[in-house]
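The structure appears below as structure tokens.
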Amino acid sequence: MTNQKRRKDVRNVAIIAHVDHGKTTLVDALLKQTGAYEFKSGESTIMDSNPLEKERGITIFSKNASFQYKGVQFNIVDTPGHADFGSEVERILKMVDGVLLLVDAFEGPMPQTKFVLKKSLELHLKPILVVNKIDRPNARPHEVSDLTFDLFCELNATDEQLDFPIVYASGKDGIATLDMDDKGTDLKPLLDTILHRVLPPVADPEQPFQMLITMLDYDSYVGRIAIGRIVHGKIKMGDPMALVKSDGTIRQGKVTKILKYVGLKRVEAENAEAGDIISIAGIDEVRVGETLASIENPQALPAIKIDEPTISMIFSHNTSPLSGKDGGRFLTSRHIRERLEHEAMTNVGVRLEIVPGSEKLKVSGRGELHLSILIETMRREGYELEVSSPQVILMQVDGDTLEPVEEVLIEVDEAYQGVVIEALGGRKADMKSMQVTSIGTVRMNFLVPTRGLMGFRSEFLMMTRGTGVMYQNFYQYQKYKGEITHRSSGVQVSMGPGRAVAFALWGLQERGEIFIHPGDDVYEGMIIGVNNKGRDLVVNATKEKKQTNMRASGSDEAIKLIPPREMTLEFALEFIEDDELVEITPKNIRLRKRYTNEKERKVKANEAKIKE
């Protein structure tokens, strides 16, 4: 191993962290201080370029950037911090030689910190601990450093990995220091640490060309674009190349475009060599995890290992009576299948299966958020579809049924700890630990079946008056923990088509929360609200007030409607039961019964009872 050639003028490093620990803000500061990007007034988190990322304030897709420092090219990869996008992290780590592990100087290591660190240690990457947000009130950087060291030990880090450097930083202020007594004026201490502690990439330009595909892009002119790091050899425009497929078959093509990263832009290049992170076009059948190689020696590199999906949902074209009336451009099952096949090609965390005997597709992913981001993206692109309630993916091992279990970290004010423990107890949760933080809040760790967490987040925010903090992360598969009741209330179901009337909704709102506004279109089988009495109720939301020329004191009460719930995709997916669907269009999210006709629902319910 000692005689491996390395490229001294390149450093490839990924930034990994828990949600909201400041990865993207730190990248902003690095790009600004190295002059790689000219920020306009008010511009921030420049790497979060996707509209959904800007709205939610989280990173969803891994992205590359580069800058020069002391004559060395730094290729930086920003990764998501949410467990549902873990597949984005897993494949990106194959492109780099070191990681910046960001940990909040107050919060310390969190569940996702453990997840991303475990992945990087397994790949023997060089970690640099960056204790970020040292400017926060109540920051405890030295204590956080010790807690992170304990986490390294818990994950069985090698002695070499335990000898990690520590940099204290504030991404917002653009400063870093190696010593808390020295305030620091810029990010040079961090850049110098990366320069000296992250190994240059192993790169022998004389060996045959090999590149592992870790991301995909698409261009309407050049077709599919493969993104990855060149492991061996070199390549130039017009060169022939081979694609080694995952099944061992080989396709041939020719390099039609090479793109390198300069700042945040991709610029065309004539050639590239081992150690470079590039985008390359020329073969149209590439997939993530496959290898581009030289024609003379088409050898595959080790494939990317991706964790299995834990949640599945059934996607179908919109069959409601209002289909096509909300500005949707893609309405057919063929449109939806083609879009999902494209997604599965670029997003390695998504799996597709055709439901036998139907035009429906079973889509599996890493969590509710993972799939809801996909649905929201499709909705904005003009697709209309309907989806079923999320179902956990069970496994059979040695005759036992196993289900996915998540590690959940909850931080609440002391007054709410009792109701939270009681609510999770009914969802088959096991408490692992509980401690009081330095600011008086209670931090609790639970192991909860994924099934038990469906619908819990909105309930949790209500029970803590919006003050609670909750993080979850896939833990492992464990023995099935028995039945969990999901929803205690029933629903109010529209008996027929028409437009909702304020007078009718006024009479229905005392039965439970209403989901629609006066004037909204309704149809038979559409869910218009909650029925608190625990059973489904068929109601008339289009009933007008009787007209009369008689007037009496008190008979003309002013109609006062409680504002209906704003329907969000997350709430809808958490709320519905197995016999219900979410109808998604570019303009509206509606809830409906799977069978819109009341008689048909009763027949199907009786058939289900007989089967049991």
Side-chain angles (χ1 to χ4, degrees), residues 10-50 53-54 56-81 89 92 96 98-107 113 116 127-137 139 141 144-145 148 164-180 182-198 261-265 277:
V10 173
R11 297 292 185 277
N12 294 320
V13 63
I15 300 192
I16 59 174
H18 186 77
V19 179
D20 203 28
H21 277 197
K23 298 183 299 297
T24 310
T25 306
L26 184 66
V27 173
D28 276 1
L30 288 168
L31 292 171
K32 190 181 290 183
Q33 290 189 22
T34 55
Y37 183 80
E38 283 293 324
F39 281 79
K40 299 179 183 72
S41 176
E43 215 172 9
S44 65
T45 56
I46 195 67
M47 293 284 273
D48 285 346
S49 51
N50 183 280
E53 292 179 318
K54 287 192 180 294
R56 294 167 183 250
I58 59 171
T59 302
I60 297 170
F61 306 103
S62 295
K63 287 172 287 292
N64 303 342
S66 76
F67 54 82
Q68 295 279 335
Y69 178 69
K70 291 187 176 177
V72 175
Q73 170 145 331
F74 283 59
N75 291 315
I76 292 269
V77 187
D78 187 18
T79 62
V89 180
I92 284 319
V96 298
V99 291
L100 298 183
L101 175 69
L102 257 69
V103 181
D104 188 295
F106 168 67
E107 291 185 352
T113 313
V116 290
I128 296 171
L129 173 61
V130 181
V131 180
N132 196 29
K133 302 191 183 182
I134 55 173
D135 55 311
R136 275 189 72 169
V144 164
S145 302
T148 309
F164 55 84
I166 303 173
V167 181
Y168 303 98
S170 167
K172 191 173 76 172
D173 296 338
I175 59 167
T177 179
L178 303 179
D179 184 352
M180 281 300 292
D182 175 15
K183 191 171 184 300
T185 54
D186 54 29
L187 290 172
K188 282 182 182 173
L190 175 59
L191 290 164
D192 287 330
T193 305
I194 297 171
L195 196 59
H196 297 126
R197 297 299 292 258
V198 174
Y261 289 89
V262 176
L264 291 173
K265 294 178 184 166
I277 292 176

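In this chain, residues are counted from 1 in sequence order.
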Should L190 and L26 count as side-chain neighbours, where that means a heavy-atom distance under 4.5 Å? yes
Any residue meeting side chain to side chain donor-acceptor pair (under 3.5 Å) with D135, in chain and number order, not counting sequence neighbours: S170
Do you know which two heavy atoms are closest between Q33 and G174, and how far apart they sit? NE2-O, 2.6 Å
Side chain to side chain, V77 and V13, heavy atoms closer than 4.5 Å: no
Taking atom types as modelled and ignoring hydrogens, do the side chains of D192 and Y69 form a donor-acceptor contact shorter than 3.5 angstrom? yes
Indicate yes or no for a side-chain donor-acceptor contact from T177 to the backbone of D182 under 3.5 Å, with no hydrogens or angles considered. yes
Worked verdict on K172 versus R136 for side-chain contact (heavy atoms from CB on, under 4.5 Å): CA-CA 10 Å; K172 191 173 76 172; R136 275 189 72 169; over 6 Å; no
In this structure, CG of L129 is separated from CG of L101 (nearest 0.5 Å) by 5.5 Å
With sequence neighbours left out, what residues match F164 under ring-ring contact (aromatic ring centres under 6.0 Å, His included)? F152
For a quick test of reading the model, state the closest non-hydrogen atom pair linking A29 to G171 and the distance between them. CB-O, 3.7 Å
Could you work out, with salt bridge (charged side-chain N to carboxylate O under 4.0 Å, His left out) as the rule, every residue matching D186, not counting sequence neighbours? none
Heavy-atom closest pair, residues M180 and P141: CE-CG, 3.6 Å
Using side-chain heavy atoms (C-beta onward) and a distance below 4.5 Å, is I15 in contact with I76? yes
Please enumerate all residues that pass side-chain contact (heavy atoms from CB on, under 4.5 Å) together with K183, with sequence neighbours excluded. I175
Answer whether the closest heavy-atom distance between the side chains of V167 and I128 falls below 4.5 Å. yes
Check whether R11 reaches the backbone of L195 with its side chain - one donor and one acceptor, N or O, closer than 3.5 Å. yes
Indicate yes or no: at least one non-hydrogen side-chain atom of P189 is less than 4.5 angstrom from one of Y168. no
Is the closest side-chain heavy-atom distance between V103 and N132 below 4.5 Å? no
List for me each residue that meets side chain to side chain donor-acceptor pair (under 3.5 Å) alongside N75, sequence neighbours excluded, and say none if there are none. N12, Q73
Do L30 and L191 have side chains that get closer than 4.5 Å, going by heavy atoms? yes
Please tell me if the side chains of T193 and V130 come closer than 4.5 Å, counting only heavy atoms from C-beta onward. no
